[in-house]
Amino acid sequence: MPGLLSSPVCLTVICFLSWSLRPGCAQIRTDEVSGVQYGHMQSNVTLACGKSQIGVPVAWHLNHSSALPRHRVTPDGALVLLHADLSAQGNYSCHDDRGLLLHSVILRLGHNPGLLSVSCQVPNHTHVRCSWTESVKTFLPAKYNASFRGTGQEWRPCVLDLAHKHCDVDHPAFWQTIHTLRITESNALGSETTSVRFRLHELLKPDPPESLLVEGLEGHPKRLIVSWKFPASWPLHDAFPLMFQIRYRPQGSVYWSEVFSEDGPVVIFDALAGHLHQVQLRARDEVNSDSQWSEWSPLFVVRPWEVSSTSESPEEQPEERFPDNFFPFSTKPEIATAKSHNSVHPEDEGNLGLVILLVLFSVVILTTVLSLIFVIW
Ligand SMILES: *[C@@H]1O[C@H](CO)[C@@H](O)[C@H](O)[C@H]1NC(C)=O
Ligand SMILES: *[C@@H]1O[C@H](CO)[C@@H](O)[C@H](O)[C@H]1NC(C)=O
Ligand SMILES: *[C@@H]1O[C@H](CO)[C@@H](O)[C@H](O)[C@H]1NC(C)=O
Ligand SMILES: *[C@@H]1O[C@H](CO)[C@@H](O)[C@H](O)[C@H]1NC(C)=O
Ligand SMILES: *[C@@H]1O[C@H](CO)[C@@H](O)[C@H](O)[C@H]1NC(C)=O
């Protein structure tokens, strides 16, 4: 019914009919054509009383009450709300001296949109997500429109998700150095366009690596094996290698030790025997040195393997000692090499004993041989 009534032809017909049947056409027209009026907050807002004639006294009501915010009424019956604020919103109606409704309007107050603050995330080479926050609270429903392009290219839409205030572009032209995003916010009072320019390769920042797992190695109280998965949002493709940075420390220490690797698992050789360790890692595009490191993965807390009887490990070393000798080995075959390498490793207490025994034994042999030679001589 209201849609039908608002069409000009119908209005004219209805107006004519009611004019011939009733005393005032204006009353009916203003009665039917009620809507919403938007105003600027903290300004003087004028509400017209439909087409009421000059000199005819009118009475204004807000939400059916005659209590109005600070105002004045002009000679033609319009209501001017002075310095209107949010509390002035509501349903305004004006009535003639007999109390008949002449006109009603819903008043909503707010501000023009302001510039947006925009930030973009690039978790891989095929995806850009830009999110925004408003610098001005408008108090009014807003519409957005966003588009995106590389230098010299066509604008293409950035697909909006209004609930989360972000928009997405798939397969941006990564080879273009500079990209521009344009977001327009508009509401009943106006619109504002925010443009931001950025370099995708500098914003490239993978999500943190996933499924971090750190385990002790049986028989090796100073070793930890670190494994993980690529971030799910990073394509598993040779064309996009990642560099990983692993850091670890005994719980309570302030110094981190670091290992870099292109692939997992990685063996840590200098864990502090018998102590809990914190381990975490992050990733970065290996080729593009302008890109950013991911956030660190959540901490993984682990204790190296230990013999239950030697849980009171005598191996108490100052913290400064362990960062300087670590041996990053990255792949499984290399673990095997590391193991065989271990048999001549002087750090292992058992092997040290064996070496001492051998030396003692050779000294004894040497002494015996020397004394024999001496006796014979
Ligand atoms: C609003 O109206 C008052 C009274 O008429 C006037 O003094 C004031 O300057 C007006 N303010 C604005 C922003 O127009
Ligand atoms: C009038 O009613 C509207 C809608 O119910 C409400 O939001 C507004 O606060 C009311 N205004 C006043 C002054 O009571
Ligand atoms: C506003 O008030 C008028 C008069 O009381 C009423 O006829 C009209 O339905 C109201 N409008 C809304 C949207 O509540
Ligand atoms: C949104 O922006 C695009 C490109 O700038 C333009 O073609 C389109 O008309 C805009 N849409 C609206 C609703 O403003
Ligand atoms: C790139 O990241 C987006 C967002 O996380 C994801 O939806 C998309 O599948 C990723 N692309 C590839 C090729 O993994």
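The shown structure was predicted, so the numbers you read here are calculated from the model rather than taken from an experiment. Order of listing sets the numbers, starting from 1, for every ligand and every atom in it. Computed from heavy atoms alone, side chains included, the values below leave out hydrogens, waters and symmetry copies.
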Under 3.5 Å, is there a donor-acceptor pair linking the side chains of Ser104 and Ser93? no
Counting heavy atoms under 4.0 Å, the part of His64 that contacts ligand 3 is side chain
Short version for Ser233: what comes under 4.0 Å of ligand 5, heavy atoms counted, is both
Taking both backbone and side-chain atoms of Ser104, is any N or O found less than 3.5 Å from an N or O belonging to ligand 3? no
Hey, are Asn124 and Ser233 close enough side-chain-wise for a donor-acceptor pair under 3.5 Å?
no
Check your understanding: Protein heavy atoms: any of them under 4.0 Å from atom 2 (O) of ligand 1?
Key -> yes
If you scan protein heavy atoms around atom 5 (O) of ligand 1, the nearest is Arg72 NE, 3.4 Å
Could you go through Cys120 and Cys130, starting from their C-alpha distance and side-chain angles, then the distance that decides it, and tell me whether this counts as disulfide bond (SG atoms under 2.5 Å apart)?
CA-CA 4 Å; Cys120 297; Cys130 295; 2.1 Å; yes
heavy-atom search around atom 9 (O) of ligand 1 in the protein gives Asn44 ND2, 4.7 Å
Item to check | Heavy-atom protein contact below 4.0 Å for atom 11 (N) of ligand 1 | outcome: yes
When every non-hydrogen atom of Thr138 is compared with those of Glu185, the smallest separation belongs to CG2-OE2, 4.1 Å
Among non-hydrogen protein atoms, atom 4 (C) of ligand 1 lies closest to Leu82 CD2, 3.9 Å
Just checking, any donor-acceptor pair under 3.5 angstrom between side chains of Asp161 and His164?
yes
| said: Please determine whether ring-ring contact (aromatic ring centres under 6.0 Å, His included) holds for the pair His277 and Tyr248, giving the CA-CA distance in whole Å, both sets of side-chain angles, and the decisive distance to 0.1 Å. | reply: CA-CA 7 Å; His277 283 68; Tyr248 56 99; 7.1 Å; no
Logged contact type for His83 with ligand 1, heavy-atom cut-off 4.0 Å, is neither
Only residue of His125, His201, His127 satisfying ring-ring contact (aromatic ring centres under 6.0 Å, His included) with Phe174 is His125
Polar-atom distance check: Asn124 versus ligand 5, any N or O pair below 3.5 Å?
yes
Q. Atom 14 (O) of ligand 5: protein heavy atom closer than 4.0 Å?
A. yes
One finds that the ligand 3 atoms under 4.0 Å from a non-hydrogen atom of Asn91 are 1 (C), 2 (O), 3 (C), 8 (C), 10 (C), 11 (N), 12 (C), 14 (O)
Donor + acceptor pair across side chains of Asp76, Thr74 (<3.5 Å):
yes
